[in-house]
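Data first, discussion second: the structure below is written as structure tokens.
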Amino acid sequence: MNAVFPTPDTADSQRLLSPAELEAALRDIGARRYHNLHPFHRLLHDGKLSKDQVRAWALNRYYYQAMIPVKDAAVLARMTDASLRRIWRQRIVDHDGDHEGDGGIERWLKLAEGVGFDRDYVLSTRGILSATKFSVEAYVHFVTEKTLLEAIASSLTEMFSPTIISERVAGMLKNYDFITKETLAYFDKRLTQAPRDADFALDYVKQHATTPELQRKAMAALTFKCNVLWTQLDALYFAYVSPGMVPPDAWQPGEGLVAEASPARVGGNRKMAAGDRPRLPRGVRLRNDETRGKWVLLAPERTFDLDDNAVAVLKLVDGARSVADIADELGKTYAAEPRAIEADILAMLDGLAEKRVLER
């Protein structure tokens with residue numbers, strides 16, 4: 001999933017950039033490498049993930065959030081200037097809070113609870129992808145082992161944070177009926193905290209990156225941090241989207257969740273069963289977008305791109321055929337065992353039902 005990016009111009013890397021040029025170079029790194037460009041985030045913001053895929057994101061992102069004050073404490077411990085420490089320590093307060101029940105980590109726990117997780121399960125960090133842990137812990141090691149300039153420069157992803165927050169909040173509120181403003185309250189304060197932190201870090205880097213070598217190190221540090229964020233999404237995509245290979249020790253859908261009031265119901269609607277006869281609700285239709293060369297599911301103010309498997313299933317969804325009938329027909333078409341593919345069909349239809357583009 002890692003994108004290919006152009007390499008820096010050799011001549012520019014050998015000369016001392018002005019402060020304005022250095023800032024432009026740093027911002028260019030974000031424009032090309034920040035994780036708002038990752039396919040997983042596009043799916044998340046566009047409402048194309050299932051509830052369990054959103055849960056996987058919330059759970060794994062918690063580990064990153066929980067380690068941010070650990071990272072900031074490591075940077076703080078290296079600062080010999082008291083005035084710098086007074087500024088930097090606010091980052092720790094922002095995440096840990098001034099008292100019990102306060103701070104960014106607490107608000108992220110509320111987000112995780114909002115999508116159905118048991119708080120103790122999230123706090124235990126059981127089920128976190130190993131790749132998530134490797135990436136986050138690599139970041140903590142980086143700020144501990146590299147120079148203070150590089151440690152501070154690595155935090156400059158905050159320059160790009162307000163954009164992704166705006167996209168995320170608007171997209172998730174629009175596209176997921178299980179997401180509320182209260183669920184996403186974590187992001188409210190980040191809209192002011194992130195620019196404040198970015199302004200300080202950018203000013204520090206422009207003042208202290210006084211040679212071409214130091215400027216290159218600052219740019220490399222920001223690139224490293226972008227990679228830390230990107231690889232976390234690589235892991236989520238591989239495990240929970242495609243090819244969907246969840247490691248043995250990682251979270252599996254259904255684990256660590258608060259029990260529903262009625263086990264047979266999710267969001268007021270029971271799970272799809274083999275005998276159900278699914279249908280597209282009024283205003284939702286399957287359409288071949290000839291301009292783009294792909295099939296889509298059109299809903300009011302929303303469009304869902306479909307893979308070949310989803311198209312094959314939805315072409316048979318007519319309110320008359322049961323799920324078992326659809327599995328039987330596809331089994332004949334593709335020379336597959338119907339009961340073996342029925343479970344995949346049920347999971348796909350449940351995901352569409354959660355998005356309110358399918359009825360049973």
Side-chain angles (χ1 to χ4, degrees), residues 2-38 64 67-92 94-95 134-164 190 192-232 234:
N2 279 315
V4 177
F5 301 106
T7 54
D9 181 82
T10 304
D12 280 346
S13 68
Q14 300 302 322
R15 70 179 180 86
L16 181 65
L17 303 178
S18 69
E21 289 174 321
L22 176 58
E23 178 176 346
L26 292 165
R27 291 189 181 279
D28 180 64
I29 290 170
R32 293 182 289 110
R33 295 176 177 262
Y34 194 53
H35 64 325
N36 66 318
L37 302 173
H38 196 286
Y64 173 78
M67 293 298 285
I68 288 297
V70 177
K71 178 271 300 185
D72 285 325
V75 177
L76 185 72
R78 306 182 62 195
M79 292 176 167
T80 57
D81 186 328
S83 62
L84 286 182
R85 291 198 299 270
R86 282 192 292 270
I87 295 171
W88 197 268
R89 71 188 182 193
Q90 183 59 47
R91 293 169 177 249
I92 300 175
D94 289 343
H95 282 82
F134 293 155
S135 294
V136 173
E137 289 164 15
Y139 183 32
V140 176
H141 289 305
F142 181 92
V143 303
T144 304
E145 297 165 0
K146 295 292 184 176
T147 64
L148 184 58
L149 172 66
E150 291 168 291
I152 292 176
S154 69
S155 74
L156 283 172
T157 48
E158 299 283 22
M159 291 193 295
F160 323 117
S161 182
T163 298
I164 197 172
R190 293 306 300 161
T192 55
Q193 292 169 350
R196 177 205 67 201
D197 294 343
D199 288 346
F200 167 79
L202 181 60
D203 184 62
Y204 183 93
V205 169
K206 289 196 289 187
Q207 285 187 39
H208 291 82
T210 54
T211 68
E213 180 183 7
L214 291 176
Q215 290 181 340
R216 289 196 299 274
K217 286 185 175 182
M219 288 186 279
L222 178 55
T223 299
F224 170 83
K225 174 61 181 307
C226 287
N227 289 340
V228 165
L229 297 171
W230 192 279
T231 54
Q232 290 177 66
D234 277 348

ask   = What closest approach, in Å, do His35 and Trp230 show between heavy atoms, and which atom pair accounts for it?
value = CA-CE3, 3.8 Å
inquiry  = Once ring-ring contact (aromatic ring centres under 6.0 Å, His included) is applied, do any residues pair with Phe160, and if so which ones, sequence neighbours excluded?
reply    = Tyr34
remark   = d(Asp197 CG, Leu202 CG) to nearest 0.5 Å is 12.5 Å
message = Are Phe200 and Leu84 packed together at the side-chain level, in the sense that at least one heavy-atom pair is separated by less than 4.5 angstrom?
response = yes
Nearest atoms (heavy-atom pairs only) where Val143 meets Ser154 = CG1-OG, 3.8 Å
ask   = side-chain contact (heavy atoms from CB on, under 4.5 Å) between Lys225 and Ile29: does it pass, once the steps are laid out?
value = CA-CA 11 Å; Lys225 174 61 181 307; Ile29 290 170; over 6 Å; no
task = Spell out, as yes or no, whether a donor-acceptor pair under 3.5 Å connects the side chain of Gln193 to the backbone of Asp94.
result = no
For Cys226 against Thr157, the heavy-atom pair lying closest together = SG-CG2, 4.0 Å
ask   = Which residues satisfy the salt bridge (Lys or Arg N to Asp or Glu O under 4.0 Å) test with Glu21, sequence neighbours excluded?
value = Arg15
ask   = Which residues satisfy the side chain to side chain contact (heavy atoms under 4.5 Å, CB included) test with Ala201, sequence neighbours excluded?
value = Arg91, Ile152, Ser155, Leu156
request  = State which residues pass salt bridge (Lys or Arg N to Asp or Glu O under 4.0 Å) with Arg85; sequence neighbours excluded, sorted by chain then number.
outcome  = none
Nearest atoms (heavy-atom pairs only) where Met219 meets Ala25 = SD-CB, 3.6 Å
key: Nearest atoms (heavy-atom pairs only) where Asn227 meets Arg33   = OD1-NH1, 3.9 Å
remark   = With sequence neighbours left out, the residues meeting ring-ring contact (aromatic ring centres under 6.0 Å, His included) with His208 are Tyr204
Between CD on residue Gln207 and CG on residue Leu22, distance to nearest 0.5 Å = 12.0 Å
ask   = Is there a side-chain contact between Thr144 and His141, using heavy atoms and a 4.5 Å cut-off?
value = no
note = So ring-ring contact (aromatic ring centres under 6.0 Å, His included) across residues 71-92, not counting sequence neighbours, yields none
ask   = What residue pairs, at least two apart or across chains, pass salt bridge (Lys or Arg N to Asp or Glu O under 4.0 Å) with a residue in residues 142-156?
value = none
query = At what distance, to the nearest 0.5 angstrom, does NZ of Lys206 lie from CG of Leu17?
reply = 12.0 Å
task = Identify, with sequence neighbours excluded, every residue that meets ring-ring contact (aromatic ring centres under 6.0 Å, His included) alongside His95.
result = none
request  = Under the ring-ring contact (aromatic ring centres under 6.0 Å, His included) rule, collect the residues that match up with Phe224, sequence neighbours excluded.
outcome  = Phe142
query = Could you go step by step and tell me if Asp234 and His38 meet the side-chain contact (heavy atoms from CB on, under 4.5 Å) rule?
reply = CA-CA 8 Å; Asp234 277 348; His38 196 286; 2.8 Å; yes
key: Test item: Gln232 side-chain N/O and Val228 main-chain N/O as donor-acceptor pair under 3.5 Å   = yes
ask   = With side chains defined as the heavy atoms from C-beta onward, is the minimum distance between Phe134 and Thr231 less than 4.5 Å?
value = no
message = Using every non-hydrogen atom in the two residues, find where Val205 and Ala218 come nearest and quote the distance to one decimal.
response = CG1-CB, 3.8 Å
task = Applying side chain to side chain contact (heavy atoms under 4.5 Å, CB included), name anything that partners Thr80, two or more places apart in sequence or on another chain.
result = none
remark   = Residues at least two apart in sequence or cross-chain that pass salt bridge (Lys or Arg N to Asp or Glu O under 4.0 Å) with Glu158, listed by chain then number, are Arg190
inquiry  = Measuring from atom CD of Gln90 to atom CG of Leu76, what distance do you get when rounded to the nearest 0.5 angstrom?
reply    = 12.0 Å
task = Please list, chain by chain and in numerical order, all residues satisfying salt bridge (Lys or Arg N to Asp or Glu O under 4.0 Å) with Asp199, sequence neighbours excluded.
result = none
